[in-house]
Protein chains: 2
Amino acid sequence: MTAPVTVLDRLLEISDLFQRDLAREFAGSSLTVARTRVLWDLAHEGPSTQHALATRLEVSPRNITGLVDALEAAGYVTREPHPGDRRAFLVSLTPSAAELMREMQRDHAELSDVLLGAVAPSDREALLRGIDAIAERLHDLVSAAEAGRTAARSAGADR
Amino acid sequence: MTAPVTVLDRLLEISDLFQRDLAREFAGSSLTVARTRVLWDLAHEGPSTQHALATRLEVSPRNITGLVDALEAAGYVTREPHPGDRRAFLVSLTPSAAELMREMQRDHAELSDVLLGAVAPSDREALLRGIDAIAERLHDLVSAAEAGRTAARSAGADR
DNA sequence: TATTGTTATACTCTATAACTATA
DNA sequence: TATAGTTATAGAGTATAACAATA
């Protein structure tokens, strides 16, 4: 049952490593992966209503309420009345959270460089093309699956 | 702030697609990603004590108790007295769960083929070498980080 | 005394449904 | 009537700590 290590195995391993690293990075702080997704989104999209956050992050409005509660309590975001719609709030990053996101953006770029640096220069172009092709194919499979089956299954002859 | 799409972005995108696909695959059934990890481990390692499962999956014994409770209730595993240690249980896959794991293994291999099939044949060797190199480097970074810093940070000059 | 697993407790992420205030 | 966000409720994953039975 010990099959050879495939592309998929490697990609899953990489996924798992990202997960673990992120989770560990936040251990002990009041940040978590889910909360950081909110901060990251705000950094890229600017101040937003909770409804907009829920839509972009594809989670329920109730979930956003909880995440924003926690982020607000820990001083990462503020809720201000929405000018022009008294039902809504505008959620904004605090200055220190904005700075944290810039740091994270730099770390992100740096990690990307380091990882690409591990690849032999003569392999880099093919690698980039290949990863693009895989991401695109996987995206198509998942989209198709969202109309019924799983990626693995819709990928094959429907046995 | 809209940076070009990098290797890291692509890999994170792929991670996210795997996550979503897996989660959706189990929606509505009594399986979940965490529970399936237990089944997958049992399929590869054979009948195990809960302690062994907790160690291999790197979660707390308490967590395993809950996962095995759920899997047992849904008929995926059995708990039998451990011959030779009356404190412990041996957790085993039921025949139908073993068959399910074989199916999953086949789907896995098939998906791997499909993804590699999306890559131009002339790029495949370089892609495989590159992904290996990235996985290895990331593994090293995460191991180092587990002794203090985060991967992104330990990757760079310690600013 | 050390180990295996459970009970007790708690926090986070997540969802749906009912409700309030406003549009 | 529709929308933004909250309260209520619930399930799942996870952890630590205290405890039972057994080694």
Side-chain angles (χ1 to χ4, degrees), chain A residues 16 19-42 47-74 76-92, chain B residues 16 19-42 47-74 76-92:
Chain A
D16 192 58
Q19 292 288 119
R20 278 173 51 193
D21 187 59
L22 265 185
R24 210 215 48 270
E25 179 174 1
F26 299 134
S29 84
S30 54
L31 280 185
T32 63
V33 173
R35 291 171 191 171
T36 303
R37 279 184 76 211
V38 174
L39 298 183
W40 189 258
D41 185 85
L42 288 172
S48 305
T49 63
Q50 298 189 181
H51 182 259
L53 283 168
T55 302
R56 289 198 300 262
L57 300 178
E58 299 186 90
V59 298
S60 65
R62 177 60 187 91
N63 194 353
I64 292 291
T65 297
L67 295 171
V68 171
D69 281 351
L71 289 169
E72 190 181 31
Y76 292 101
V77 304
T78 56
R79 270 187 177 108
E80 295 162 70
H82 189 292
D85 186 343
R86 284 187 302 173
R87 295 169 304 180
F89 290 117
L90 256 192
V91 182
S92 308
Chain B
D16 191 59
Q19 291 287 119
R20 277 174 50 191
D21 187 58
L22 265 184
R24 210 213 49 268
E25 178 174 0
F26 298 135
S29 86
S30 53
L31 280 186
T32 63
V33 174
R35 291 172 189 169
T36 304
R37 278 184 77 212
V38 174
L39 298 182
W40 188 259
D41 185 84
L42 289 172
S48 306
T49 63
Q50 297 189 181
H51 181 259
L53 284 168
T55 302
R56 290 198 299 263
L57 300 178
E58 298 185 89
V59 297
S60 66
R62 177 62 187 91
N63 193 353
I64 291 292
T65 297
L67 295 171
V68 171
D69 281 351
L71 289 169
E72 190 180 30
Y76 292 101
V77 304
T78 57
R79 270 186 178 110
E80 295 162 70
H82 188 291
D85 188 341
R86 285 186 302 174
R87 292 170 305 181
F89 291 118
L90 257 191
V91 182
S92 308

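Residue numbering restarts at 1 for every chain, and letters A, B, ... go by the order of the sequence lines.
- Nearest heavy atom pair, residue Val91(A) against residue Leu42(A), reads O-CD2, 3.7 Å.
- Spacing between atom CG of Leu57(A) and atom P of dA15(C) amounts to 11 Å, rounded to whole angstrom units.
- To the nearest 0.5 Å, atom CG of residue Leu39(B) and atom CG of residue Leu31(B) are 6.0 Å apart.
- The distance from atom CG of Asp41(B) to atom OG1 of Thr36(B), rounded to the nearest 0.5 Å, is 12.0 Å.
- Here Thr65(B) reaches the OP1 or OP2 of dT6(C): one of its side-chain N or O atoms lies under 4.0 Å away.
- Of the residues in residues 79-88 of chain B, those lying under 4.0 Å from DNA chain D by heavy-atom distance are Asp85(B), Arg86(B), Arg87(B).
- Rounding to the nearest 0.5 angstrom, the gap separating the CD atom in Gln19(B) from the CD atom in Gln19(A) is 4.5 Å.
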Polar atoms only, N or O, under 3.5 Å: list the protein pairs with nucleotides 12-15 of chain D and their distances.
{"residue": "dG13(D)", "atom": "OP1", "partner": "Thr32(B)", "partner atom": "OG1", "Å": "2.3"}
{"residue": "dG13(D)", "atom": "OP2", "partner": "Arg35(B)", "partner atom": "NE", "Å": "3.3"}
{"residue": "dG13(D)", "atom": "OP2", "partner": "Arg35(B)", "partner atom": "NH2", "Å": "3.4"}
{"residue": "dT14(D)", "atom": "OP2", "partner": "Asn63(B)", "partner atom": "ND2", "Å": "3.2"}
{"residue": "dT14(D)", "atom": "O5'", "partner": "Asn63(B)", "partner atom": "ND2", "Å": "2.9"}
{"residue": "dA15(D)", "atom": "OP2", "partner": "Ser60(B)", "partner atom": "N", "Å": "2.8"}
{"residue": "dA15(D)", "atom": "OP2", "partner": "Ser60(B)", "partner atom": "OG", "Å": "3.0"}

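- Considering every non-hydrogen atom in both Thr65(A) and Arg79(A), the closest pair reads O-NH2, 3.5 Å.
- For the side chain to side chain contact (heavy atoms under 4.5 Å, CB included) test with Val38(B), the passing option among Asn63(B), Thr32(B), Leu67(B), Val59(B) is Leu67(B); the others fail.
- Checked by atom type and distance alone, the side chain of Arg35(A) never pairs as donor or acceptor with a backbone atom of Leu71(A) at under 3.5 Å.
- Considering Gln50(A), Glu80(A), His82(A) as possible partners of Phe89(A), the one that fulfils the side chain to side chain contact (heavy atoms under 4.5 Å, CB included) test is Gln50(A).
- Distance Leu90(B) CG to dG5(C) C1': 14 Å, rounded to the nearest Å.
- Between the NE2 atom of His51(A) and the P atom of dA23(C) there is a distance of 16 Å, rounded to whole Å.
- Summarising the geometry, the separation between CD1 on Ile64(A) and P on dA4(D) is reported as 13 Å, rounded to the nearest angstrom.
- One can place CG of Asp69(A) at 12 Å from P of dC13(C), the figure rounded to the nearest angstrom.
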